[in-house]
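Notes follow the structure.
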Amino acid sequence: MGSGGRSTTHKEGHAIQRSPTDKPPFTLAQIKMAIPPHCFERSLIKSSYYLVHDLIIVAAILYLATAVIPALPAGLTRLGAWTLYGVAQGCAATGVWVVAHECGHHAFSDYQLLDDALGLVLHSWLLVPYFSWKFSHRRHHANHASMECDEVFVPEQRAVLAWYAPCVRNPVGRLLFIAGHLTVGWPLYLRVNANGRAYPRWACHFDPYGPIFSDRERVLVFVSDVGLLAVWFALFKLASAFGLWWVVRVYGVPLLVVNAWVVLITYLHHTHRALPHYDSSEWDWLRGALATVDRDYGVFNRVLHNVADTHVLHHLFPAMPHYHAMEATKAIRPILGDYYKRDATPIAKALWREAKECVFVEPMEDRKGVLWYSNKL
């Protein structure tokens with residue numbers, strides 16, 4: 001299996017088997033044949049059920065918070081209740097975010113116009129420029145694990161490390177790195193393309209004329225901006241009626257939790273010592289799509305609609321609805337063999353470990369086009 005057959009040993013004493021990097025002995029068509037045909041069927045009724053289910057939970061949490069918390073004693077009790085609300089509401093709203101993400105992949109229904117209209121409303125509500133991210137995310141799927149062309153979580157190489165990279169080697173620096181990514185990582189990616197593909201000039205998901213987008217995409221990027229302006233106007237009116245602090249605690253804090261979930265999930269999908277990256281001399285679509293890992297979020301798997309524990313499948317068949325993903329993942333694992341990666345490490349431990357060990361990528365001596373994560377400066 002070439003360089004992919006080697007293993008990396010952690011100081012804790014356990015070994016992680018690297019993904020094979022030779023061309024797989026199977027094709028995408030063979031993988032597809034192993035999946036029951038009904039898994040590729042989109043059901044508007046079933047998809048709508050999951051969306052309505054999530055929205056009812058969001059509405060119920062909001063009602064309980066606004067009806068109960070103001071009646072609690074002022075001070076730590078009320079502060080703790082609002083904190084609990086922010087976390088619970090943020091988790092529930094992340095489920096809505098996942099459904100909107102499915103709209104962007106045309107996995108919600110058989111009707112593209114409906115998927116886009118619904119995705120625009122849902123993602124705008126969560127301050128995500130729907131079409132802008134849909135376009136860049138589509139290119140992420142088309143170029144995953146390519147050092148030159150992937151759109152997001154493109155790792156740095158040793159020669160061009162950021163100034164703060166050595167700080168991640170110590171616990172305090174690592175904690176600040178994680179906190180920064182979870183709090184402002186998603187907004188910075190959308191605004192300044194942080195951790196994104198290198199472009200010859202400034203790139204931003206809100207700029208219709210930016211280098212991220214093609215000429216035919218620019219009008220819909222503008223539509224995304226209009227959707228966000230409408231939400232910002234609604235927030236302004238709410239702040240005028242109920243006060244800025246009311247908007248912050250009812251909407252802003254849950255949104256921070258949603259953003260943290262988005263970064264946590266995507267970071268851990270694409271960051272692992274067992275996952276390769278490829279330069280243009282080695283990369284192909286199938287090996288790139290397989291260079292991701294499924295994670296186990298325990299009780300949150302259901303809240304997140306299994307987006308985190310079926311991500312390998314998602315990169316192979318992004319238009320498959322989430323409610324078929326578990327069955328399909330089970331079907332493809334025997335075909336993928338060692339090319340399938342799953343890590344059941346507790347999420348907090350995994351986040352700390354990946355931040356510590358996956359600082360940059362460097363090529364192997366025997367295969368310069370295949371790059372692996374390292375932290376040895």
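Given the structure is predicted, the values throughout are model-derived calculations rather than measurements.
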side-chain contact (heavy atoms from CB on, under 4.5 Å) evaluation trace for R174 with W352: CA-CA 8 Å; R174 195 175 311 129; W352 186 259; 3.0 Å; yes

How about [X] and [Y]: are their ring centroids closer than 6.0 Å?
X    : Y    : answer
F40  : H324 : no
F131 : H123 : no
Y50  : H322 : yes

Flag yes if [X] and [Y] sit in one hydrophobic cluster, no otherwise; membership is Ile, Leu, Val, Met, Phe, Trp, Tyr, and two members link when side-chain heavy atoms are under 4.5 Å apart.
X    : Y    : result
V250 : L256 : no
V184 : V168 : no
Y297 : V258 : yes
L188 : L176 : no
Y267 : V307 : yes

How far apart are the C-alpha atoms of L336 and F26, what are their side-chain angles, what is the distance that settles it, and do they pass the side-chain contact (heavy atoms from CB on, under 4.5 Å) test? CA-CA 8 Å; L336 299 185; F26 48 78; 3.7 Å; yes

If you apply the rule side-chain contact (heavy atoms from CB on, under 4.5 Å), what do you find for V361 with Q157, and how did you get there? CA-CA 5 Å; V361 292; Q157 298 190 53; 4.1 Å; yes

Under 3.5 Å, is there a donor on one side chain and an acceptor on the other for H181 and N195?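 H181 vs N195: donor-acceptor pair found between side chains.
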
Is there a donor-acceptor contact under 3.5 Å linking the side chains of T292 and H144?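 No, because no side-chain N or O of T292 sits under 3.5 Å from a partner of the opposite role on H144.
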
Spell out, as yes or no, whether a donor-acceptor pair under 3.5 Å connects the side chain of [X] to the backbone of [Y].
X    : Y    : answer
E148 : S280 : yes
R78  : L72  : yes
T94  : W97  : no
T77  : P73  : no
Y85  : I69  : no
R139 : I212 : yes
N193 : R197 : yes
N375 : K356 : yes
S124 : V121 : no
T271 : L268 : no

Before you tell me yes or no, could you show the steps for L127 and Y251 under side-chain contact (heavy atoms from CB on, under 4.5 Å), namely the whole-Å CA-CA distance, both residues' side-chain angles and the distance that decides it to 0.1 Å? CA-CA 11 Å; L127 296 185; Y251 177 84; 3.3 Å; yes

Can you tell me how far apart [atom1] ([X]) and [atom2] ([Y]) are? Round to the nearest 0.5 Å.
X    : Y    : atom1 : atom2 : result
S48  : L114 : OG    : CG    : 7.0 Å
M147 : E282 : CE    : CD    : 13.5 Å
F242 : R249 : CZ    : CZ    : 11.0 Å
R18  : K341 : CZ    : NZ    : 11.0 Å
L286 : L28  : CG    : CG    : 6.5 Å
H272 : D343 : NE2   : CG    : 3.5 Å

Looking at D294 and R333, is any side-chain nitrogen of the basic one under 4.0 Å from a carboxylate oxygen of the acidic one?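 No, this pair does not count.
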
Side chains of [X] and [Y]: does their closest heavy-atom pair fall under 4.5 Å?
X    : Y    : result
T21  : W372 : yes
P24  : R287 : yes
R342 : T329 : no
I347 : F300 : no
Y278 : L371 : no
Y323 : S43  : yes
K134 : E217 : no
H106 : R42  : yes

Between E102 and H305, does the side-chain hydrogen bond (donor to acceptor under 3.5 Å, both in side chains) criterion hold? Intermediate values first, please. CA-CA 11 Å; E102 291 215 328; H305 299 306; over 6 Å; no

Can you tell which of F206, F213, F222 makes a side-chain contact (heavy atoms from CB on, under 4.5 Å) with S132?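 Among the candidates, only F213 passes.
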
Looking at [X] and [Y], what are the two nearest heavy atoms and their distance?
X    : Y    : value
P208 : V221 : CA-CG1, 3.6 Å
V263 : G185 : CG2-C, 4.2 Å
I61  : A92  : CD1-CB, 4.1 Å
G86  : V257 : O-CG2, 3.6 Å
D115 : A107 : OD2-N, 3.8 Å
A289 : L316 : CB-CD2, 4.1 Å

Got a sec: does the [atom1] of [X] have more than 12 other heavy atoms crowding it under 6.0 Å?
X    : atom1 : result
Y111 : OH    : no
F177 : CZ    : yes
W232 : CH2   : no

Identified ring-ring contact (aromatic ring centres under 6.0 Å, His included) counterpart of Y189 within the set H140, H137, H205: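 Among H140, H137, H205, the one meeting ring-ring contact (aromatic ring centres under 6.0 Å, His included) with Y189 is H205.
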
Parallel, tilted or perpendicular: which fits the ring planes of H141 and H315, with parallel below 30° and perpendicular above 60°?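 Aromatic pair H141/H315 classed parallel.
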
Quick one: sort the H105 and H101 rings into parallel, tilted or perpendicular, breaks at 30° and 60°.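 Geometry flag for H101 against H105: perpendicular rings.
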
Does the salt bridge (Lys or Arg N to Asp or Glu O under 4.0 Å) test come out yes or no for R367 and D22, once each step is laid out? CA-CA 11 Å; R367 290 183 70 174; D22 294 330; 2.9 Å; yes

